[in-house]
Amino acid sequence: MGQTSPQCLIVVTSLLSCTTNQARLTVSPSFSQLFVGEFVSLSCEEDDSSAGWTLRRNTTRETRAECEDWAEPVGFSCNINPTTTLDSGLYWCESRDGSTSNSITITVTGGAVILQSPVLPVMEGHDVSLHCQTKRPPSKLPADFYKDGSLIRTEPTGHMTIHHVTKSDEGLYKCHISSHGESPPSWIYVTEKPMTTSADPNLYTSPPPASTSFHLVSRLILHLVVLCPYFISTVLMVSLYRHRPTGNHLPVSMVMTSPLVIQAEQGLDDDYDDVVSDATTEHRF
């Protein structure tokens, strides 16, 4: 397979991924690269069995070829055994109305080194494991890992893990083992983490626990008990103030003399007259 073939397949994959997904293509083993002579099984996981999904592929020699043309149908799966370099290509599921599933790219090489990388897209935040493997033991050898043609790092056991991947980790990867050779390149896709459906925690707060509610009610009752007397007193004072007499308009009770007072004054006058009369009589004698 030519050097530009994986890049062409990437373009086709991007176009296919824009369609409505009603089925999901799976592959076992779930690696993007295989050695010649290995076994691989592909299947369409259908959401709607009445849609009539068919597994198809594009390779350097065929276009939209159905499973029966290049593999052995077994139930809902297509098994390729053994694989050849002609099986390198783009695979997807397609319904009768033209809807397509996710697509994957598989590379089958006759070389001595492959890069075992995920054949399906990886979600943001997950870890990705890459393994540079030789066809014959020993397989755990020091390997150089490249992304988009640039060396990332060298791992002594040929195993590299990318922790918490982001969209910036998406790209074309390959590996190289000294004295064995270089693997074909494979594209690693990174998908965005789906949005959660739960409410914004800044806009929603859970109800307070029972103990907190009881505490709030107790404080409310306490405030009412303390404030009510002050409130009632204030209302009474305002009411009395509004009815307070003004100017010279005094109440009748204030300007009229009480009968008891009049009687008391008359009693004093009579006593005074008696005293004066007695004194005069005594003076005469």
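Quick caveat, the model's predicted, so the values are computed rather than measured.
In this structure, a donor-acceptor pair under 3.5 Å is present between the side chains of Ser117 and Ser32. For the residue pair Thr154/Asp144, the side-chain donor-acceptor check at 3.5 Å is satisfied. Counting only N and O atoms by type, the side chains of Ser43 and Thr26 include a donor and acceptor under 3.5 Å apart. Side-chain atoms of Asp127 and Thr161 include no donor-acceptor pair closer than 3.5 Å.
Under a hydrophobic clustering in which Ile, Leu, Val, Met, Phe, Trp and Tyr are joined whenever their side-chain heavy atoms come within less than 4.5 Å, directly or via other members, Tyr173 and Phe35 fall into different clusters. Under the 4.5 Å side-chain contact rule for hydrophobic residues, Leu42 and Leu120 share a cluster. Tracing side-chain contacts under 4.5 Å through hydrophobic residues (I, L, V, M, F, W, Y), one reaches Leu55 starting from Val40; they form part of the same cluster.
In this structure, the side chain of Ser88 engages the main chain of Val108 through a donor-acceptor pair within 3.5 Å. In this structure a side-chain-to-backbone donor-acceptor pair under 3.5 Å is missing from Trp53 to Ala23. Checked by atom type and distance alone, the side chain of His164 pairs as donor or acceptor with a backbone atom of Gly125 at under 3.5 Å. Remark: the backbone N or O of Cys175 is paired with a side-chain donor or acceptor of Ser183 at under 3.5 angstrom. With hydrogens and angles ignored, the 3.5 Å screen pairs a side-chain donor or acceptor of Thr59 with a backbone N or O of Arg61. A distance-only check finds a donor-acceptor pair linking the side chain of Gln33 to the backbone of Leu115 [under 3.5 Å]. Remark: the backbone N or O of Ser41 is not paired with any side-chain donor or acceptor of Ser28 at under 3.5 angstrom. In this structure, Glu170 contributes its side chain and Val190 its backbone to a donor-acceptor pair below 3.5 Å.
The 12-atom threshold is exceeded at CZ of Phe39, counting heavy atoms of other residues, nucleotides or ligands nearer than 6.0 Å.
Here the straight-line distance linking atom CG of Leu172 with atom CG of Asp148 works out to 6.5 Å at 0.5 Å rounding. The distance from atom SG of Cys132 to atom CZ of Phe145, rounded to the nearest 0.5 Å, is 5.5 Å.
With respect to the salt-bridge test (charged N to carboxylate O, under 4.0 angstrom), the residues Lys147 and Asp169 do not qualify. Residues Arg57 and Glu62 are paired through a salt bridge, judged by an N-O separation under 4.0 Å between the basic side chain and the carboxylate. Salt-bridge check for Glu124 with Lys167: failed, with every basic side-chain N at 4.0 Å or more from each acidic carboxylate O.
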